[in-house]
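Proteins get letters first, then strands, A, B, ... in listed order; numbering begins at 1 in each. For the numbers below, each heavy atom of this structure counts, side chains included, while hydrogens, waters and symmetry mates do not. For clarity, every value in this text was computed on a predicted model and none was experimentally measured.
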Amino acid sequence: MNYWLIKTEPGTYSWEDLKKDKRTFWDGVRNYTARNNLKAMKKGDLALYYHSVNEKAVVGVAKIVKEHYQDPTTDDDRWVAVDVVPEKELKKPVTLADVKADGRLENMILVRQSRLSVQPVKVEEFDIILGLSEG
DNA sequence: GCCAACGTTGGC
DNA sequence: GCCAACGTTGGC
């Protein structure tokens, strides 16, 4: 069981969109590091769902329901997609500022390498963020 | 809207 | 295979 963080711009595809759709394929990754992370995802893994741009906050948890396959939006076989469903909505969003303010999370890739759109998260970090969302 | 960070591309 | 130039992302 692995934990991840996936980023999206809410204007492009938000948590609300995922809830409405019930399931989506996570496509459009065009970065080798992020792609490698997609390939490492297993069915049942959980991913923090992060809104960048205006919100800059983790808003929910998504579950991986289908492991990587050819990205349907391109013929280029270098790129892959996975399928995700909404698992749990956070009671309150955990913002980037919250994460940065918590010393236990200072080594998160989200903080250290903010541009990576699909990144692994340690189980401890995952639990801390869920804890923060409880207030 | 600006700028820093970083990934990718392309020339050599 | 290296590295400079360029484009994109994302935080502020």
> When you check every protein heavy atom under 4.0 Å of nucleotides 1-11 of chain C, what one-letter string (B, S, -) results, 5' to 3'?
Replying inline: ------BBBSS
Show me the side-chain donor-acceptor pairs of residues 127-135 of chain A shorter than 3.5 Å, one per line, residues at least two apart or across chains.
from, atom 1, to, atom 2, distance (Å)
A:Ser133, OG, A:Leu130, O, 2.7
A:Glu134, OE1, A:Lys91, NZ, 2.8

> Among pairs that include at least one residue of residues 51-67 of chain A, which meet salt bridge (charged side-chain N to carboxylate O under 4.0 Å, His left out), considering only residues two or more places apart or in two chains?
Replying inline: A:Lys63-A:Glu87
> Excluding sequence neighbours, so at least two apart, what forms side chain to side chain donor-acceptor pair (under 3.5 Å) with A:Asn54?
Replying inline: none
> Got a sec, which residues hit side-chain contact (heavy atoms from CB on, under 4.5 Å) with A:Asp75, two or more places apart in sequence or on another chain?
Replying inline: none
> Which pairs count as side chain to side chain donor-acceptor pair (under 3.5 Å) when at least one residue sits in residues 93-110 of chain A, sequence neighbours excluded?
Replying inline: A:Thr95-A:Asp98, A:Asp102-A:Arg104, A:Asn107-A:Arg112
